[in-house]
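Take a look at the structure set out below.
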2 protein chains.
Amino acid sequence: MKRNTWQREAVTTELNAINGFVSAQALFARMRDAGSTISLATVYRALTDLVGEKAADSLLSPEGENLYRACASDGHHHHLICRSCGATAEINAEPVESWAQQVAAAHGFTQAQHVVDVFGLCADCSLT
Amino acid sequence: MKRNTWQREAVTTELNAINGFVSAQALFARMRDAGSTISLATVYRALTDLVGEKAADSLLSPEGENLYRACASDGHHHHLICRSCGATAEINAEPVESWAQQVAAAHGFTQAQHVVDVFGLCADCSLT
DNA sequence: AGACTTATTGCGAACGGTTGTCAATAAGCC
DNA sequence: GGCTTATTGACAACCGTTCGCAATAAGTCT
Ligand SMILES: [Zn+2]
Ligand SMILES: [Zn+2]
Ligand SMILES: [Zn+2]
Ligand SMILES: [Zn+2]
């Protein structure tokens, strides 16, 4: 049976307090800096669980690092992420959804999944 | 000045002989199995160079591994990749290009780049 | 061709993110 | 309170990739 620990609670809370995507290590650092004694391995485990129960989204950064975010939308959606500050907007991409399905079907592919992310500089970070 | 070595030549040749995306390690294994004495680090370096001079495309697999391919199209394009055998089709995604630009602009983002890949099972691998 | 310069190689160590191991801890239940 | 066992924390192991450096060899000059 799944147990409720302050560690899981703390990870959930911290993730909710951040607006953009964060790495497991960054989240761990923030918690440690705030005085938490949680371990890195536990942060990884909690994040993996959250993604598993669809309470968090994850994506691979261009550098190959896994990033996490507590998302507002429940259903399938994509993200517009600021490369500088990590600020994230959830975006609905219906045209892309149908396009992806069509292009896969047209080539005889089945069980198609797609990776669609837009990275850029948000309005604030664009000012420099 | 850039020098021409049989190692770089060999990597280019081997990459051209493969139709889909391959990892650096897989390419290295193929070359070794074929009798080459090239080193893994050199394969990495050659692939990085090829990508730099736009003679090869690279993408991050869902597992976070870098994959490489000698692509036919010169311009910007995307890929439909078989998760099982790596077979790849180059796809033109004009609707996605404009969509990505629009959604970025609509949120005040600048210097937008996008990651768009479709993974699935090719016709052959779907039969199993 | 031979000598020289220096880009490139190969090897092994190092790195960064992530996962596994396992004894110690503590959550939920009686 | 005591029992069971999921969960934790510390550390080792892992995997893909990069780095450091001495040895090699490509291109250049004579
Ligand atoms: Zn989201
Ligand atoms: Zn989608
Ligand atoms: Zn296939
Ligand atoms: Zn594109």
Side-chain angles (χ1 to χ4, degrees), chain A residues 1-15 18 20-53 55-69 81 83 86 115 117, chain B residues 1-15 18 20-53 55-69 81 83 86 115 117:
Chain A
M1 137 237 338
K2 196 171 72 139
R3 295 176 183 177
N4 298 326
T5 65
W6 65 262
Q7 288 94 333
R8 279 206 223 285
E9 196 90 6
V11 169
T12 306
T13 303
E14 190 74 29
L15 194 61
I18 300 175
F21 276 88
V22 240
S23 68
Q25 313 240 23
L27 197 73
F28 170 68
R30 284 182 57 124
M31 299 178 74
R32 270 292 165 96
D33 289 352
S36 175
T37 62
I38 196 172
S39 80
L40 177 58
T42 299
V43 172
Y44 272 106
R45 289 188 277 240
L47 286 173
T48 303
D49 286 358
L50 285 175
V51 171
E53 57 202 42
D57 280 7
S58 72
L59 60 81
L60 263 181
S61 79
E63 292 76 37
E65 199 176 12
N66 267 113
L67 304 182
Y68 302 87
R69 176 164 198 265
I81 306 125
R83 275 194 301 270
V115 179
D117 296 301
Chain B
M1 139 234 339
K2 195 170 73 137
R3 295 178 183 177
N4 298 326
T5 66
W6 65 262
Q7 287 94 334
R8 280 207 223 286
E9 196 91 5
V11 169
T12 305
T13 303
E14 189 73 30
L15 193 61
I18 300 176
F21 275 89
V22 241
S23 69
Q25 312 239 22
L27 197 73
F28 170 67
R30 283 182 57 124
M31 298 178 75
R32 270 291 164 98
D33 289 352
S36 175
T37 61
I38 196 171
S39 80
L40 177 58
T42 299
V43 172
Y44 273 106
R45 289 187 276 237
L47 287 172
T48 303
D49 286 358
L50 285 175
V51 171
E53 57 202 42
D57 281 6
S58 73
L59 60 82
L60 263 183
S61 79
E63 292 76 36
E65 199 176 11
N66 267 114
L67 304 182
Y68 302 86
R69 176 163 197 267
I81 306 125
R83 274 194 302 269
V115 179
D117 296 300

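Remember, it's a predicted structure, so these values are computed and weren't measured experimentally. Because only heavy atoms are used, hydrogens play no part in the values below, and waters and symmetry mates are left out as well, while side chains stay in.
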Spacing of OH belonging to A:Tyr68 relative to CZ belonging to A:Phe21, to within rounding of 0.5 Å: 11.0 Å
When you list every nucleotide of DNA chain C with an atom under 4.0 Å from a heavy atom of chain A, which one comes first 5' to 3', and which comes last? C:dG17 to C:dG28
Atom CD of A:Glu63 and atom C1' of D:dT18 are separated, to the nearest Å, by 15 Å
Assign A:Arg45 to base, sugar-phosphate, or nothing according to its heavy-atom contacts below 4.0 angstrom with the strands shown. base
Closest nucleotide of DNA chain D for B:Arg3 versus for B:Tyr68: which of these residues is on the 5' side? B:Tyr68
Within the structure shown, what part of the strands sits under 4.0 Å from B:Gln25 by heavy-atom distance: base, sugar-phosphate, or nothing? base
Give a yes/no answer on whether the side chain of B:Tyr44 brings an N or O atom under 4.0 Å of OP1 or OP2 in D:dT17. yes
Taking atom C1' of D:dT17 as reference, at what distance in whole Å does atom CG of B:Leu67 sit? 14 Å
Without swapping roles, check the side chain of B:Thr12 against the backbone of B:Arg8 for a donor-acceptor pair under 3.5 Å. yes
Output for pair (A:Ile38 CD1, A:Glu14 CD), nearest 0.5 Å, gives 9.5 Å
Rounded to whole Å, how long is the line connecting atom CG of A:Leu40 with atom P of D:dG9? 11 Å
Show your working on side chain to side chain contact (heavy atoms under 4.5 Å, CB included) between B:Leu15 and B:Leu47 and close with a plain yes or no. CA-CA 9 Å; B:Leu15 193 61; B:Leu47 287 172; 4.0 Å; yes
Of B:Ala41 and B:Met1, the one whose closest nucleotide on DNA chain C sits nearer the 5' end is B:Met1
Round to the nearest Å and state the distance from B:Asp49 atom CG to D:dT18 atom P. 12 Å
Any side-chain heavy-atom pair from B:Val51 and B:Asp57 closer than 4.5 angstrom? no
Could you tell me how far apart A:Glu65 (CD) and D:dG16 (C1') are, to the nearest whole angstrom? 14 Å
At under 4.0 Å between heavy atoms, what does A:Ser23 touch on the DNA or RNA strands: base, sugar-phosphate, or nothing? nothing
Once you round it to whole Å, what is the distance between P of D:dA25 and CD1 of B:Ile38? 14 Å
Output the rounded distance in Å from CG (A:Asn4) to C1' (D:dT5). 15 Å
Side-chain contact check for A:Thr5: nearest option of D:dA26, D:dG9, D:dT7 is D:dT7
Quick one: are B:Ile81 and B:Leu59 in side-chain contact, heavy atoms under 4.5 Å? yes
Min side-chain heavy-atom separation B:Glu53-B:Lys2 under 4.5 Å: yes
Establish, with yes or no, whether the OP1 or OP2 oxygen of D:dA25 is under 4.0 angstrom from a side-chain nitrogen or oxygen of B:Gln7. no
